[in-house]
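I have placed the structure first, in the form of structure tokens, so that the comments after it can refer back to it.
All values derive from a computational prediction rather than experimental measurement. Below, each value reflects all heavy atoms present in this structure, side chains not excepted, and no hydrogens, waters or symmetry copies.
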Amino acid sequence: VTTLAATFSFYLWQVAKSPNLNVDGEKAFVLYIPKGATYDSVVDSLHEHKIIHDEIAFQFLAKWMEYREKVKPGRYEISPNSGNREIIGKLRLGAEDPVRLTFNNVRLKEDLIEKIGTKMEFDSNELLKMLNDEKLCNEYGFSKENIMCMFLPDTYFVYWTISPKEFMVRMKYEYKKYWTEERLAKAEAIGMSPIEVGVMASIVQSETNKKDEQPKVAGLYINRIQQGIPLQADPTVKFALKDFGLKRILNVHLSKDSPYNTYVNLGLPPGPIALPEPNALTAVLNYDKHDYVYMCAKEDFSGYHAFAVNYADHLANARRYQQALNERNIR
């Protein structure tokens, strides 16, 4: 009996500890278990992707550990040469491995949905409906026009099984975490709400991708607001037209009837024209104090701008830039 017990114990140890999943694999295999999945569907998925080396051993230990009745949805990474006990224990506990979610360079709600894509279990169109639901946006302290200010571009780790509502709650948490007392005080000092800072930041970053120039551009726009001058920001015209590839803004474009066109409307547009990046938010909160109210792209196409205090100097800068456009046949 002792020998038999010892033999069984050794077999159980082998079944539990010996490499049996993703044997000789070069990278982790990701197993997705959707809501409502059964034990059989989990085994079928592992079998289909040839992840199980000894299926009988896996099935034996799964029954021993009572996993068959405790299947939990989630995204699970199975490292090369994993043992049965390690993985079954992970699956049984529902110890999910998070998804690495990064979004930046986003202008429209649809762009954000595309970035999220199939990285979550939920249908991303459900999230889009939420972003266009005025009542729901109000619950988070925003309108459907400015709700995009809540999504700060960064890399986040979230669970694949998160619901659209839980995702919104997480983004609001990250937003509140960003807006510390110090930042709130800076926003108040310049007479802007956090949402207005976000809208302004979206314009600043759309105007220049030069981080060292952004505080200067922010200062110019704040000067215009304080003096009651329309922002006249070309990126807002592109947003109003939904033509982001437009290389040259003409008079015909400037008359576009849209609340986002800052040539025909005074003050800030009703919402951001892009997801405001942290560096652009910082540029607005710590804007350069100067007297500039005009700027024009430099004729050397460096991406930087020529700034001016008076309209005469601005016209001179604009003529040089327009001449450079003509020489390059940019229409």
Side-chain angles (χ1 to χ4, degrees), residues 1-104 114-124 126-127 153-174 177:
V1 177
T2 305
T3 303
L4 186 61
T7 301
F8 179 74
S9 296
F10 178 69
Y11 171 73
L12 193 60
W13 182 89
Q14 280 192 312
V15 167
K17 296 288 189 179
S18 297
N20 192 42
L21 293 112
N22 201 7
V23 176
D24 298 327
E26 294 183 359
K27 59 182 181 180
F29 170 77
V30 179
L31 172 67
Y32 292 95
I33 303 179
K35 292 181 178 71
T38 63
Y39 169 74
D40 287 338
S41 65
V42 172
V43 174
D44 287 345
S45 181
L46 292 171
H47 181 78
E48 180 185 350
H49 292 93
K50 300 179 180 177
I51 297 302
I52 297 181
H53 179 67
D54 183 346
E55 192 170 316
I56 293 175
F58 180 89
Q59 297 259 31
F60 171 79
L61 198 64
K63 185 175 182 179
W64 181 275
M65 295 177 67
E66 300 180 345
Y67 172 58
R68 293 168 182 260
E69 300 79 26
K70 297 181 179 179
V71 174
K72 292 182 173 66
R75 174 188 179 277
Y76 304 95
E77 295 180 5
I78 300 176
S79 301
N81 300 310
S82 294
N84 287 324
R85 187 173 185 276
E86 172 194 355
I87 298 305
I88 293 171
K90 183 176 188 176
L91 299 179
R92 187 174 180 274
L93 288 172
E96 293 184 67
D97 291 292
V99 174
R100 181 187 176 97
L101 179 64
T102 300
F103 51 82
N104 50 25
E114 187 177 340
K115 292 276 186 180
I116 296 172
T118 57
K119 292 184 177 180
M120 304 293 135
E121 185 184 20
F122 65 73
D123 182 350
S124 54
E126 289 182 38
L127 180 61
D154 204 341
T155 295
Y156 301 98
F157 292 90
V158 296
Y159 290 121
W160 179 68
T161 50
I162 196 172
S163 70
K165 184 175 181 180
E166 288 170 336
F167 183 70
M168 291 280 283
V169 170
R170 169 67 185 279
M171 291 298 100
K172 181 60 186 289
Y173 167 78
E174 297 292 346
K177 189 169 71 171

Please examine the side chains of [Y] and [X], heavy atoms only from C-beta on, and report whether any two atoms are closer than 4.5 Å.
| X | Y | answer |
| --- | --- | --- |
| Arg100 | Phe157 | yes |
| Leu101 | Thr155 | no |
| Lys72 | Ile33 | no |
| Lys90 | Asp97 | yes |
| Val42 | Tyr67 | yes |

Calculate, to the nearest 0.5 Å, the distance between atoms [atom1] and [atom2] belonging to [X] and [Y] respectively.
| X | Y | atom1 | atom2 | result |
| --- | --- | --- | --- | --- |
| Ser18 | Arg85 | OG | CZ | 13.5 Å |
| Ile52 | Gln59 | CD1 | CD | 7.0 Å |
| Phe103 | Lys119 | CZ | NZ | 10.5 Å |
| Ser45 | Asp40 | OG | CG | 12.5 Å |
| Ile51 | Leu31 | CD1 | CG | 8.5 Å |
| Asp123 | Ile116 | CG | CD1 | 11.5 Å |

Residue pair Trp160 / Thr118: nearest heavy atoms and the distance that separates them: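 Result for this residue pair: NE1-O, 4.5 Å.
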Closest non-hydrogen atom pair, Glu55 against His47: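 Scanning both residues, the minimum pair turns out to be OE1-ND1, 2.9 Å.
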How about Glu114: does its CD atom have over 12 heavy atoms from other parts shown lying under 6.0 Å from it?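 Counting neighbours around CD of Glu114, 12 or fewer heavy atoms of other residues, nucleotides or ligands fall under 6.0 Å, so no.
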NZ/Lys27: more than 12 non-hydrogen atoms of other groups inside 6.0 Å: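 Not buried by this count: 12 neighbours or fewer within 6.0 Å.
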Where the side chain of [X] meets the backbone of [Y], is there a donor-acceptor pair that is under 3.5 Å apart?
| X | Y | value |
| --- | --- | --- |
| Tyr76 | Pro73 | yes |
| Arg75 | Pro98 | yes |
| Lys115 | Asn104 | yes |
| Ser79 | Ser82 | no |

Verdict with reasoning, Leu46 to Ile78, per side-chain contact (heavy atoms from CB on, under 4.5 Å): CA-CA 10 Å; Leu46 292 171; Ile78 300 176; 3.8 Å; yes
Residue from Asn81, Asp24, Asn20, Asn84 passing side-chain contact (heavy atoms from CB on, under 4.5 Å) with His53: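 That would be Asn20.
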Angle class for the Tyr39/Phe58 ring planes (parallel below 30°, perpendicular above 60°, tilted otherwise)?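 If you compare the ring of Tyr39 with that of Phe58, the planes turn out parallel.
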Tell me, with the steps shown, if Glu121 and Thr161 meet side-chain contact (heavy atoms from CB on, under 4.5 Å). CA-CA 6 Å; Glu121 185 184 20; Thr161 50; 3.8 Å; yes
List the steps, then state whether side-chain contact (heavy atoms from CB on, under 4.5 Å) holds for Trp64 with Ile88. CA-CA 10 Å; Trp64 181 275; Ile88 293 171; over 6 Å; no
Answer yes or no: is there an ion pair linking Glu166 with Arg170, defined by an N-O contact shorter than 4.0 Å?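 Salt bridge between Glu166 and Arg170, a charged N being under 4.0 Å from a carboxylate O: no.
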Residues in side-chain contact (heavy atoms from CB on, under 4.5 Å) contact with Glu66, at least two apart in sequence or another chain: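 For Glu66 the side-chain contact (heavy atoms from CB on, under 4.5 Å) partners, ignoring immediate neighbours, are Glu69, Lys70, Arg92.
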